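For reference, the structure discussed in these notes is given below.
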Amino acid sequence: MLISELFSKKAILKLWDVTHYFLGRISLEWKITIILILLFSVVYIATYYKGKKIGFLKRLSISVFPSYILFIIVMTFFIRLPNNEVSYKLMPFWSYIEIFRHGSDNLIIDNLFNLIVFMPFGFFIIAIHLNETRTNKFKTFKFLLLSTALFSTIIEFIQLVSRHGCCEFDDVLNNVFGSAVGGLICILITFRRKRNFNTSREE
């Protein structure tokens, strides 16, 4: 029941509406700033790593990562009005309990949004730090989980202090899970590319 509700067509459509709403609230100045930083990063990385042996995924991730982090910060703080009072919910899994008991559409969307928005974080971290020539995937994945938990916790703490949004344990949990999914996708892509490369060399 819980899984089917999380990934139902209705929940996905509402998630799209929420994403469109957040993107619509980002001012033109911030959108231009994010795009300019992205372009600068791409040009800088392309120039700095010119002639050096570096994988496409790593080059792409290093270029896009700064703009992605800025996007997360803007979306988390600068498009939200501060609350009148401190808001927090530190009970673990409270949102999933509510979804299971009452099927709250808003909580389903919030959880999916927090999960999906951190998938690129995991993908980029793995792509940047994973050494494709060594079997250090477990150590890199452990670093991913710790860095995601730390970054998400800092965001939640700032939300608590600044009263922008609600400080929730479940947000950190969803962020870590989404980041892990993104990291696994990157590892699978890297493994497949390496296997195809080895196969082509043997042929």
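All values reported here derive from a predicted model rather than from experimental measurement.
- Side-chain atoms of Arg163 never come within 3.5 Å of backbone atoms of Ser87 as a donor-acceptor pair (strictly under, hydrogens ignored).
- Taking CZ of Phe141 as the start and CD1 of Ile125 as the end, the distance is 12.5 Å to the nearest 0.5 Å.
- Here Met119 contributes atom CE and Leu184 contributes atom CG; the two are 9.5 Å apart, rounded to the nearest 0.5 Å.
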What pairs of donor and acceptor atoms, side-chain ones from residues 169-177 against any protein atom, are under 3.5 angstrom apart with sequence neighbours left out?
| residue | atom | partner | partner atom | Å |
| --- | --- | --- | --- | --- |
| Asp170 | OD1 | Phe93 | N | 2.6 |
| Asp170 | OD2 | Trp94 | N | 3.1 |
| Asp170 | OD2 | Ser95 | N | 2.9 |
| Asp170 | OD2 | Ser95 | OG | 2.6 |
| Asp171 | OD1 | Asn114 | ND2 | 3.1 |
| Asn174 | OD1 | Tyr96 | OH | 2.4 |
| Asn174 | ND2 | Asn111 | OD1 | 2.9 |
| Asn174 | ND2 | Asp170 | O | 3.0 |
| Asn175 | OD1 | Ser152 | OG | 2.7 |
| Asn175 | ND2 | Asn114 | O | 2.9 |
| Asn175 | ND2 | Asp171 | O | 3.3 |

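- Take Ser67 and apply the side-chain contact (heavy atoms from CB on, under 4.5 Å) test, not counting sequence neighbours, and it matches Ile34, Ile37, Leu38.
- Residue Ile128 holds its CD1 atom at 10.5 Å from CZ of Phe123, rounded to the nearest 0.5 Å.
- Taking the six-membered ring where the residue is Trp, Phe121 and Phe151 present parallel rings, their angle staying beneath 30° rather than reaching 60°.
- Cluster annotation: Leu146 is not connected to Phe124 through the hydrophobic network of ILVMFWY side chains, with a link wherever side-chain heavy atoms come within less than 4.5 Å.
- Side-chain atoms of Met91 and Ile97, non-hydrogen and from C-beta on, do get closer than 4.5 Å to each other.
- Remark: Leu160 pairs with Val86, Tyr88, Cys167 by the side-chain contact (heavy atoms from CB on, under 4.5 Å) rule, at least two apart or across chains.
- Chaining together hydrophobic side chains whose heavy atoms lie under 4.5 Å apart places Val161 alongside Phe157.
- Of all heavy-atom pairs spanning Ser61 and Ala127, the tightest one is OG-CB, 3.1 Å.
- Heavy-atom minimum distance, Cys166 versus Glu156: O-OE1, 3.2 Å.
- Of all heavy-atom pairs spanning Thr153 and Ala149, the tightest one is OG1-O, 2.6 Å.
- Taken to the nearest 0.5 Å, the CD1 atom of Ile126 stands 12.0 Å off from the CD1 atom of Ile189.
- Distance CD1/Ile155 to CE/Met75: 8.5 Å, rounded to 0.5 Å.
- Annotation: side chain of Val181 is not in contact with side chain of Phe118 (no heavy-atom distance under 4.5 Å).
- The side chain to side chain donor-acceptor pair (under 3.5 Å) analysis of residues 176-188, with sequence neighbours excluded, yields the pairs Thr148-Ser179.
- Atom CD1 of Ile109 is separated from atom CG of Leu112 by 8.0 Å, given to the nearest 0.5 angstrom.
- Residues forming a side-chain contact (heavy atoms from CB on, under 4.5 Å) with Leu188 (at least two apart in sequence, or on another chain): none.
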